[in-house]
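Per chain, numbering begins at 1; letters A, B, ... match sequence-line order.
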There are 2 protein chains.
Amino acid sequence: MQYLNNLKNSELFYSIEPDDIKEMFYCLNSYIKEYNKDEIILSEGEQVDKIGIILSGRARSIKSDITGKTTIITLLKQGSYIGILLAASKDRLSPVYVQALDNTSVLYITVDNVFKRCAKNCARHEILTRNLFDGISQKAMILHDRNDCLIKSSLRDKILTYLIRISKEQKSSEFIIPLDRDSMAQYLNADRSALSRELSKMQKEGLINFSKNFFILNN
Amino acid sequence: MQYLNNLKNSELFYSIEPDDIKEMFYCLNSYIKEYNKDEIILSEGEQVDKIGIILSGRARSIKSDITGKTTIITLLKQGSYIGILLAASKDRLSPVYVQALDNTSVLYITVDNVFKRCAKNCARHEILTRNLFDGISQKAMILHDRNDCLIKSSLRDKILTYLIRISKEQKSSEFIIPLDRDSMAQYLNADRSALSRELSKMQKEGLINFSKNFFILNN
DNA sequence: TTAATTTCGTTGCGAAGGCAACATAACTCC
DNA sequence: GGAGTTATGTTGCCTTCGCAACGAAATTAA
């Protein structure tokens, strides 16, 4: 299987040896599916009981809201999960659709089989469960962190909440944020120009210093 | 152990027999701790590697933001998890503190031990892992759903997103929402009076009908 | 039953911030 | 290096919505 080495670096199979991974495929009832560029990998409203992992290629998840406007949620690349939160909560219908950006191959694993033990009760399986668990909680934390910003009433507090978090993550009051202005505005659910305006104000008031995506938090 | 029957109805031990639960305590390295009214169960900034489950009493989780303002996040009652998301992502520090509202007893379970298999490789353990998994994903979904509302730019879209979701959940265009106006405003991160204003507008325009927490979605 | 308290709707005011349009700088590509 | 393209900052206008204050209805207490 040509993708074994990719999988070794994936979250789900992290610290599991390629040979072991190969062996697990049977217990896990897993299979690979190939998609052409632009093809739909997951449809909106679909019910999901399998985790997808991108073996090669890229995809994006897109959500259409009540007004019909569509937004790109995330870029999915090699090693990314598809529908991990969905697979975890079985009765949920997918609020997004996922579309291949390149020719893309996806490995599917039935969630139930991750929990069922293979006859051998192998240590690898334990790692797998743990990794899956970590994956989900990581997703949950991403949601939590964004919520933390969004629930602030003023744009300034949204910005500060975001910057303080990144500062803590990087354990320094000087740091580079991983978003450009546009993405940052989207992340904070604000207008880009309004964001720029507020950032400038905050700099004038001495709260922060910044240039492009390098920031300094004062005090 | 007096609480065994409470646990039977908890999420984590759902569909596990009391006798089995008792037996699992050893594998799980679990213990019970009692707290007095007002006592701090979990401090802000604390690192967590154990799941707490409230056996009796009530507690609340409180978050203080960058300005120092504190907000009550959730009310925790019998069967509620404490720090399940935190325990799941080890290196995270608690963004909230949890305070007992009554005299409260909490069962602690080391997360690692949920994943480690006891010698017997028992079926119950499999259920436990699955339940824990479900608990986390449920929390993640709660966050996801709120995010879905918060990312809307207008108050009206926030409201609609919320109402449509509840409508879908209850599979009817006529439904009762579980929040009063005040809580709904908080949930949508809006001002209560602004929310009332917008709801009235939407009713005038024929989009919805409502009285108190009973709503009808038109079209 | 009446007072008190909670819950919800209404409205005027003003500020915050979205929107659009433009300016400028940086970067990419021939 | 010049032209196109992209990322960011600036600013005026105007809508949305937060805030405060009040009123009415409903619920609870006494």
B:Ser56 side chain reached by B:Thr104 side chain, heavy atoms, under 4.5 Å: no
So B:Leu86 and B:Gln47, do their side chains get closer than 4.5 Å, heavy atoms only? no
Can you list the steps and then say if A:Asp102 with A:Lys37 is a salt bridge (Lys or Arg N to Asp or Glu O under 4.0 Å)? CA-CA 4 Å; A:Asp102 312 317; A:Lys37 181 166 155 46; 5.8 Å; no
Answer with yes or no after comparing the ring centroid distance for A:Phe133 and B:Phe133 against a 6.0 Å cut-off, counting only values under it. no
Just how far, in rounded Å, is P of D:dG18 from CD of B:Gln186? 13 Å
Could you state the interatomic distance from CD1 (B:Ile21) to OG (B:Ser30), rounded to the nearest 0.5 Å? 10.5 Å
Verify the distance criterion only: is there a donor paired with an acceptor across the side chains of A:Ser137 and B:Ser89 at less than 3.5 Å? no
More than 12 heavy atoms of other groups within 6.0 Å of A:Tyr187 OH: yes
In short, salt bridge (Lys or Arg N to Asp or Glu O under 4.0 Å) pairs touching residues 127-148 of chain B with sequence neighbours left out are A:Lys63-B:Asp148, A:Arg92-B:Asp145, A:Asp112-B:Arg130, B:Arg130-B:Asp134, B:Asp145-B:Arg165
Under 3.5 Å, which N/O atoms of the protein pair with N/O atoms of nucleotides 13-17 of chain D?
| residue | atom | partner | partner atom | Å |
| --- | --- | --- | --- | --- |
| D:dC17 | OP1 | B:Leu155 | N | 2.4 |

Output the residues of residues 203-210 of chain A in contact with DNA chain D, where contact means a heavy atom of the residue under 4.0 Å from an atom of the strand; sort by number or write none. A:Phe210
Under 4.0 Å, counting only non-hydrogen atoms across every strand here, what does B:Ser196 touch: a base, just sugar-phosphate, or nothing? base
Angle, rounded to 10°, between the helical axes spanning five pairs at each terminus of the helix from C:dT1-D:dA30 to C:dC30-D:dG1? 50°
Any chance you could lay out the side-chain hydrogen bond (donor to acceptor under 3.5 Å, both in side chains) test for B:Ser61 and B:Thr74, step after step, and finish with the verdict? CA-CA 5 Å; B:Ser61 63; B:Thr74 38; 2.7 Å; yes
Looking only at side-chain N and O atoms, does B:Asn213 offer a donor or acceptor that is under 3.5 Å from a partner on B:Asp180? no
Rounded off to whole Å, could you give me the CZ-to-P distance for the B:Arg181 and D:dA25 pair? 17 Å
Between CG of A:Asn189 and P of C:dA16 the distance, given in whole Å, is 19 Å
CZ of B:Phe214 versus P of C:dC8: gap in Å, rounded? 16 Å
Atom CG of A:Asp157 to atom P of C:dA16: distance rounded to whole Å? 12 Å
Would you say C:dT10 has OP1 or OP2 under 4.0 Å from some side-chain N or O of B:Ser200? yes
Once you round it to whole Å, what is the distance between P of C:dT7 and CG of B:Leu199? 17 Å
Atom-pair distance (CG on B:Asp182; C1' on C:dG9), nearest Å: 13 Å
Compare all side-chain heavy atoms of B:Leu132 with those of B:Ile84 and state whether any distance is below 4.5 angstrom. yes
Salt bridge (charged side-chain N to carboxylate O under 4.0 Å, His left out) partner of B:Glu198, the single match among B:Lys158, B:Arg156, B:Arg192: B:Arg156
In whole Å, what is the span from the CG atom of B:Leu195 to the P atom of C:dT10? 12 Å
I'd like a table of donor-acceptor pairs (distance under 3.5 Å, sequence neighbours excluded) in which one partner is a side-chain atom from residues 39-46 of chain A, with atom names and distances.
| residue | atom | partner | partner atom | Å |
| --- | --- | --- | --- | --- |
| A:Glu39 | OE1 | A:Asn36 | N | 2.7 |
| A:Glu44 | OE1 | A:Ser64 | OG | 2.9 |
| A:Glu44 | OE2 | A:Ser64 | OG | 3.4 |
| A:Glu46 | OE1 | A:Ser43 | N | 2.9 |

Carefully, step by step, assess B:Tyr31 and B:Ile109 under the rule side chain to side chain contact (heavy atoms under 4.5 Å, CB included). CA-CA 7 Å; B:Tyr31 60 94; B:Ile109 295 174; over 6 Å; no
So which protein N/O to nucleotides 22-28 of chain C N/O distances come out below 3.5 Å?
none

